[in-house]
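What follows is one structure encoded as structure tokens, with my remarks underneath.
Within every chain, numbering begins at 1; the chains are lettered A, B, ... in the order of the sequence lines, protein sequences first and strands thereafter.
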Amino acid sequence: MLEKTYSPDEVEARQYSRWEAADAFSAKFDESKEPFTIMIPPPNVTGSLHMGHALNNTIQDILCRYQRMQGRDVLWQPGTDHAGIATQMVVERQLAAEGIELDRGMPLAPGNTRQIGREEFIERVWKWRAQSGGTILKQLRRLGASCDWQRERFTMDEGLSQAVLKVFVQLYREKLIYRDKRLVNWDPRFHTAISDLEVEQKETDGHLWHFKYPIEGEEGRFITVATTRPETMLGDTAVAVHPDDERYKDLVGKFAVLPLVGRRIPIVADDYADPEQGSGAVKITPAHDFNDFEVGKRHGLEMINVFDRDAHMNDAVPQDYRGLDRFAARKQVVADIEALGLLEKIDPHRHTVPHGDRSGVPIEPYLTDQWYVDAATLARPAIAAVESGKTVFVPKQWEKTYYEWMRNIQPWCISRQLWWGHQVPAWYGPDGAVFVAHDESEAAEQAKTHYGKAVELTRDPDVLDTWFSSALWPFSTLGWPEETPALKRYYPGDVLVTGFDIIFFWVARMMMDGLHFMDGEVPFHTVYIHALVRDEKGQKMSKSKGNVLDPLDLIDKFGADAVRFTLTALAAQGRDIKLSESRIEGYRNFCTKIWNAARFCEMNECRYEPGYDPAANQQRVNRWIVSQLAQTEPKVRKAIEDYRFNEAAQALYQFIWNTYCDWYLEFAKPLFQGDDAAAKAETRATALWVLHKALFLLHPIMPFLTEELWQQSGPGEGGVGENLMTLSDWPAFDAGLIDAEADASLGWVVRLISQIRAVRSEMNVPPGAKIALIVNDASAASKARFADHEALIRTLARVETLVFDQPVPKGSVQDVLDECALVLPLAEVIDLAQERQRLQKEMDKLNGEIVKLDKKLSNEQFLAKAPDDVVAEQRERLADSRQTLSKLQSALDRLASA
RNA sequence: GGGCGAUUAGCUCAGCGGGAGAGCGCUCGCUUCACACGCGAGAGGUCGCUGGUUCAAUCCCAGCAUCGCCCACCA
């Protein structure tokens, strides 16, 4: 006997182990089946499960489970990303707690005990990973994710590292990777370059300082420039004005004397200077501003780098400022300028300041040598693949975002000054010549050819951007560059499921690399972009805001199926999800409801019957519920195939709760308790069969509950398909099971009962008090049509406490439904005035409807232009409304005469 | 500055060229032999505003307003 409520925690652990024991998740390399591939977006190895992951993986799991049930050979490739900066941070922090710091050629910080080198550090990272990395993959199991865990990969794995090497070397040889000295986004906290995408613009309240630079040789004349970063003035090498700016025409070609430094800097004419902005003159710091860099190149200006890698002032600035942190230097510069009487004014100024997305500190444009990918070239085929529909985005609007970025793509800075990651496979000779190779010996050979003798080589210390390896995930995980069976079978992937926040970081780059290295074959045919999960107020969940809902807590509290169903039900396309606990609670109740429906079947001795044939059903209610089920399946199937997961959830919820539980099981009660043995047996078999089919339809969304109930009420231990999941059988229903007659008849009964209930409830008919019912529109046809409902309705009398076929007592009220008249409660148990009011209200509503329809149907344009079926439908509705109105009217008349 | 999206019941959101829907909340009534994580019945909306297209607009188009996001820039 099933317990009274469902206990997810016990069931989930047990069922998950059973599935694993049955090897239900692995890719089967089964040539008789069509493959279906999903590559998991590899979570950071340092990560832990948040709601975004929960949504992302619930959707993937739904697709995988559904496709397995459709007979596909599914590979859901799991794994983690080595997450360069994030991981290095975690381990560095851990080391710091032990008083250990990285040896970066700086003196030991006070309080620390020792420094460690690169090798030892990397060892520590691996050790950390072995102990606590990849927690998130264990957490995914709690969610029910059916990944092929035997194939788990890590972006720093040997195999994946080989792929990275090969890609780097090949792109270098194709001149699609190159080394360049230009301004990069420099993160002074992590001492590394980062890509444009890792820069976050933040609105900040700052100031605009106006400095007066004296003009050389013109005593008392100044040119005013404004800046938000006064410390950079120490690196100024020009002042620019617009060529057409009359105010400064005579100054072009002359020099200003840079205060505090004393450097002569030219005043140049350049379109970049905007006469409308500030004074119209702009200071030029080519080494620390992207625009100024371009100006500097145009005018051959000196590029003076004034920062070290910590963004402290370096030796290029006057003695007084050396070693100062950039913000301290800012204060000092302003104070000194003011002391010189050269500070014109300070305006408050709100502007956006670039910050490192990981470090949170303002980044500095910084002149360094870095490695770049020629993204523009790689982007071309990636754009074309989407244009031609080889890869489609769902929802389609994201294609525009993709195009927008891809068509304006900038060189991708891929080198990072970190230790954790794939080290750049480049070696330098004594004179700085570069040798890019798969390993040191290959590089040495190249060097030998180059120099004519063996030389000592130094490896580039930088590592690659984490996304460089993530970009290869769709094929590196399958064994590339080896020609593995997995690669052959499971590339390209079918669908990539991800959030829009990594379209640029990841999707775009997988497209570029996939097309380039896999013979022009896209990495996936569909990109399904899902919503972001926000809190119930619509705010992004973040630890600092304290509004984070932890999926594991929710799973503990409500069960994985409830969490999954909630996310699915909310996963409408094109909108963010605002998640609240009350919503999950509602779907937890749905789980309980299903559980109790199964319990009810069990109590009524419904048993699994392999030979049951729904087409042979005699009882109309049984034919009806089968018909309803058969109409639900295509809705669910189509919804999943169209990535409209909320619609699938809704169709299932409606069928199971509103149709099966609310109506069918109620109809079944009198049959279960009646004397008709054949009807009873048929109903028992049908009730369970329909429940089972519903469990299958629901399984992709709610795997645990459905599996458990199947095992408790299905064929049982050792039976054929004792596991729902391994049976993997998506229900298919013969079109013949859709029974229009049963649908119409039971639809009528449902409406009839609803009317009776409405009257009883609104009229406050006490429980037990009888109300009378007659079928007064007793045409032979309608009698025949509904003849065999009589027995059914008679049995319902118990529940509804209505008396069938009583004469209408004088003074009773008559309500109407279709061909039937429903006779309302006895006068003594209801308030007649109230009933008159109720009827009047109904009639008012109908009248409004009739006026509208009448107007429409007397419009000749409408009759001429609207499709016939629409016209016919409107006519029918008008007739119906009129009929109902007249019945209500006669009911009201009777009431008046009471 | 460029782009995208949203605006529908108290809240959260579906829907979408011909009858305004769901969940939660609310009100009323139910210890009905699966389930109070339940059952039954209700109340509640000129579908942001203004125009246009159409026989017909919540839905399509244009403009406006408000909110949100992305990209770029900011001396």
Separation of B/C37 P from A/W595 CH2 (nearest whole Å): 17 Å

Sugar-phosphate only, base, or nothing, as touched by A/A569 at under 4.0 Å among non-hydrogen atoms: nothing

Span that lies between the P atom of B/A9 and that of B/C47, in whole angstrom: 10 Å

Touch class at under 4.0 angstrom, heavy-atom based, for A/C601 against every strand present: nothing

Sugar-phosphate, base or nothing in reach of A/A597, heavy atoms under 4.0 Å: base

Close aromatic pair by centroid cut-off 6.0 Å: A/Y653 and A/Y587: yes

Proximity of A/Y213 and A/F222 rings by center, below 6.0 Å: no

Sugar-phosphate only, base, or nothing, as touched by A/K283 at under 4.0 Å among non-hydrogen atoms: nothing

Touch class at under 4.0 angstrom, heavy-atom based, for A/A598 against every strand present: nothing

Salt bridge (charged side-chain N to carboxylate O under 4.0 Å, His left out) evaluation trace for A/R247 with A/D245: CA-CA 5 Å; A/R247 295 170 294 178; A/D245 194 331; 2.8 Å; yes

5'-most by nearest nucleotide on RNA chain B - A/E585 or A/T401: A/E585

Check: A/W398 ring centroid to A/F393 ring centroid under 6.0 Å: no

Options B/C35, B/C69, B/C37, nucleotide nearest the side-chain atoms of A/R588: B/C37

Among B/G19, B/C69, B/A14, the nucleotide that comes nearest once only the side chain of A/N646 is considered: B/A14

Sugar-phosphate, base or nothing in reach of A/Q277, heavy atoms under 4.0 Å: base

Whole angstrom value for the distance that separates C1' of B/G3 from CD of A/E404: 6 Å

Heavy atoms from other residues, nucleotides or ligands near NZ of A/K852 exceed 12 (cutoff 6.0 Å): no

A/Q397 side-chain proximity, nearest of B/G5, B/A34, B/A75: B/G5

Sugar-phosphate, base or nothing in reach of A/E849, heavy atoms under 4.0 Å: sugar-phosphate

Distance in angstrom units between A/K396 NZ and B/C4 C1', rounded: 16 Å

Phosphate OP1/OP2 of B/A75: any A/R229 side-chain N/O under 4.0 Å: no

Under 4.0 angstrom between A/K400 side-chain N/O and B/C4 OP1 or OP2: yes

A/E647 side chain, from C-beta outward: closest of B/C55, B/G15, B/C37: B/G15

Integer angstrom distance from the C1' of B/U31 to that of B/G18: 48 Å

Under 4.0 angstrom between A/R877 side-chain N/O and B/G19 OP1 or OP2: yes

Sugar-phosphate, base or nothing in reach of A/N408, heavy atoms under 4.0 Å: nothing

Distance between P atoms of B/C24 and B/C37 (Å, rounded): 13 Å

Check: B/C24 base within 3.5 Å donor-acceptor of A/S582 side chain: no

hbond_proxy A/R599 side chain to B/C35 base (donor-acceptor, 3.5 Å cutoff): no

A/R882 bridged to A/E849 by N-O distance under 4.0 Å: no

Paired nucleotide for B/G40 [Watson-Crick or G-U wobble; both distances under 3.5 Å]: B/C28

Euclidean distance for P, B/C26 against B/A62 (whole angstrom): 43 Å

Selected nucleotide, minimal atom distance to A/T592 side chain, candidates B/C55, B/C37, B/A75: B/C37

Whole-Å C1' distance, B/G17 and B/C39: 39 Å

Pairwise P distance, B/A6 and B/C61 [rounded to whole Å]: 11 Å

Touch class at under 4.0 angstrom, heavy-atom based, for A/W657 against every strand present: sugar-phosphate

Phosphate-side-chain proximity, A/K852 and B/G18, N/O vs OP1/OP2 below 4.0 Å: no

Nearest to side-chain heavy atoms of A/F504, which nucleotide of B/A34, B/C71, B/C39: B/C71

Pairing partner of B/C67 (Watson-Crick or G-U wobble, both distances under 3.5 Å): B/G5

Separation of B/C37 C1' from A/I594 CD1 (nearest whole Å): 12 Å

For B/A20, the Watson-Crick or wobble partner whose two distances fall under 3.5 Å: none

Identified pairing partner of B/G51, criterion: Watson-Crick or G-U wobble below 3.5 Å: B/C61

Sugar-phosphate, base or nothing in reach of A/V282, heavy atoms under 4.0 Å: base

Other residues, nucleotides, ligands: >12 heavy atoms within 6.0 Å of A/E203 CD: yes

A/F565 ring center within less than 6.0 Å of A/F558 ring center: no

Separation of the P atoms in B/U27 and B/A43, to the nearest angstrom: 16 Å

Nearest-nucleotide comparison on RNA chain B, the residue closer to the 5′ end among A/Y272 and A/Q654: A/Q654

Atom P, compared across B/A65 and B/C49: separation rounded to whole Å: 16 Å

Whole angstrom value for the distance that separates P of B/C33 from CD of A/E602: 19 Å

A/K855 side-chain N/O to B/A56 phosphate OP1/OP2 under 4.0 Å: no

A/D868, CG atom: more than 12 neighbouring heavy atoms under 6.0 Å: no

Complementary nucleotide of B/A56, counting Watson-Crick and G-U pairs under 3.5 Å: none

Spacing of A/Y6 atom OH relative to B/A34 atom P, expressed in whole Å: 22 Å

Atom-pair distance (CZ on A/R644; P on B/C13), nearest Å: 18 Å

